[in-house]
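Positions are given from 1 along the sequence. Only this structure's heavy atoms are used, side chains among them; waters, hydrogens and symmetry mates stay out.
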Amino acid sequence: MDSSDDVALAVNSRMAYVYLLNDHVRPDEAVNQLRQEKRLDLIAWSDGNKVLVTTPENSGTPLSFYKDGPFTDSYGQAWGIKGNQSILDITVGKHRTITYGKYPDALHQLWSAAHCQTGRYLIVTAKKGYQFGDERAPRHDGGAQQASLLAEDVFAPIIINGTQQVLKEPSRFLDLKKYFVSLVESP
């Protein structure tokens, strides 16, 4: 990488960051370029206090969301949502409750990814059956892929023995951490 590079990639199996290195590269132009790649699943980026999400198939306005809005998901997280909810396979039902489909914690995961660092970057995920890599990245064909937002990669199957403490199902990896810490901290 040198000063003439416009973008840089950081790949992590099913997810990658696309860093916009030069100010003349606009996020909307980068999104339009990325939408040409049909093996991408989601394209997301931060825009102030919102995260925007689109797909290669979506020719309309991206879905936008923000924290601490009027809608609550099954994890007790509050969100504001505007736009095409089918992009993230979510629905808002009666009582302002969010129901997730194939991406069971997409709002939290994308919000965290979009706010975990400073700089200008996009977040892209690969469709099922594809992964990102480079000449130095290990490949995990057939399993052990990480950074996906899909349910089969977010929920962790687990068998627990030797405690009466019940684990909420289905459990995200974030839930497992809290559960294991509670087991260690309990008498």
Does Q33 have more than 12 heavy atoms from other residues, nucleotides or ligands lying within 6.0 Å of its CD?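 Atom CD in Q33 is not packed in, count stays at 12 or less.
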Tell me, yes or no, whether the heavy-atom count around K38 atom NZ, taken from other residues, nucleotides or ligands under 6.0 Å, exceeds 12.
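Result for NZ/K38: enclosed.
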Report task. For side-chain contact (heavy atoms from CB on, under 4.5 Å), just list the numbers for L20 and Y121, CA-CA rounded to whole Å, side-chain angles, deciding distance to a tenth of an Å, and then say yes or no. Result -> CA-CA 5 Å; L20 308 179; Y121 59 92; 5.8 Å; no
Shortest non-hydrogen contact between [X] and [Y], atoms and distance:
X	Y	result
A106	L88	CB-CD2, 4.0 Å
G48	H115	O-NE2, 4.0 Å
N32	Q36	O-NE2, 3.3 Å
C116	A113	SG-O, 3.4 Å
G80	P70	CA-CD, 3.9 Å

Practice problem: Would you please test L34 and T54 for side-chain contact (heavy atoms from CB on, under 4.5 Å) and show each step? | Solution: CA-CA 10 Å; L34 290 166; T54 193; over 6 Å; no
[X]: what forms a side-chain contact (heavy atoms from CB on, under 4.5 Å) with it, not counting sequence neighbours?
X	answer
H24	D6, N22
D89	K102, Y103
A78	none

Straight-line distance of [X] [atom1] to [Y] [atom2], nearest 0.5 Å:
X	Y	atom1	atom2	answer
Y75	Y100	OH	OH	7.5 Å
F180	I160	CZ	CD1	6.0 Å
R96	I81	CZ	CD1	11.0 Å
D41	T125	CG	OG1	4.0 Å
L63	T55	CG	OG1	10.5 Å
L110	I43	CG	CD1	12.0 Å

Checklist entry - Under 30°, 30 to 60°, or over 60°: which ring-plane class applies to F65 and W111, parallel, tilted or perpendicular? => result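 Ring orientation of F65 relative to W111: tilted.
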**Prompt:** Side chains of Q117 and Y19: is there a donor and an acceptor less than 3.5 Å apart?
**Reply:**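 Short answer, yes.
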For this session: Using the test ring pair (Phe, Tyr, Trp, His ring centres under 6.0 Å), find all partners of Y66 that sit at least two apart in sequence or belong to another chain.
Result: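 In terms of ring pair (Phe, Tyr, Trp, His ring centres under 6.0 Å), with neighbours along the sequence ignored, Y66 is linked to no residue.
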Pairwise side-chain contact, [X] with [Y], heavy-atom cut-off 4.5 Å (strictly under):
X	Y	value
S64	L52	yes
V92	Q85	yes
R14	L150	yes
D28	W45	no

Y179 and T163: CA distance, side-chain angles, deciding distance, side-chain contact (heavy atoms from CB on, under 4.5 Å) verdict:
CA-CA 11 Å; Y179 177 75; T163 182; 3.4 Å; yes
**Message:** By the salt bridge (Lys or Arg N to Asp or Glu O under 4.0 Å) test, which pairs, at least two apart or in different chains, include something from residues 45-60?
**Reply:**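 Listed by first then second residue: E57-K127.
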Practice task
Just grab all the salt bridge (Lys or Arg N to Asp or Glu O under 4.0 Å) pairs involving residues 58-73, residues at least two apart or on different chains.
Solution key: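 As it turns out, there is no salt bridge (Lys or Arg N to Asp or Glu O under 4.0 Å) pair with a partner in residues 58-73 once direct neighbours are skipped.
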| task | Please step through side-chain contact (heavy atoms from CB on, under 4.5 Å) for the pair T99 and I90, ending with a clear verdict. | result | CA-CA 6 Å; T99 302; I90 58 176; over 6 Å; no
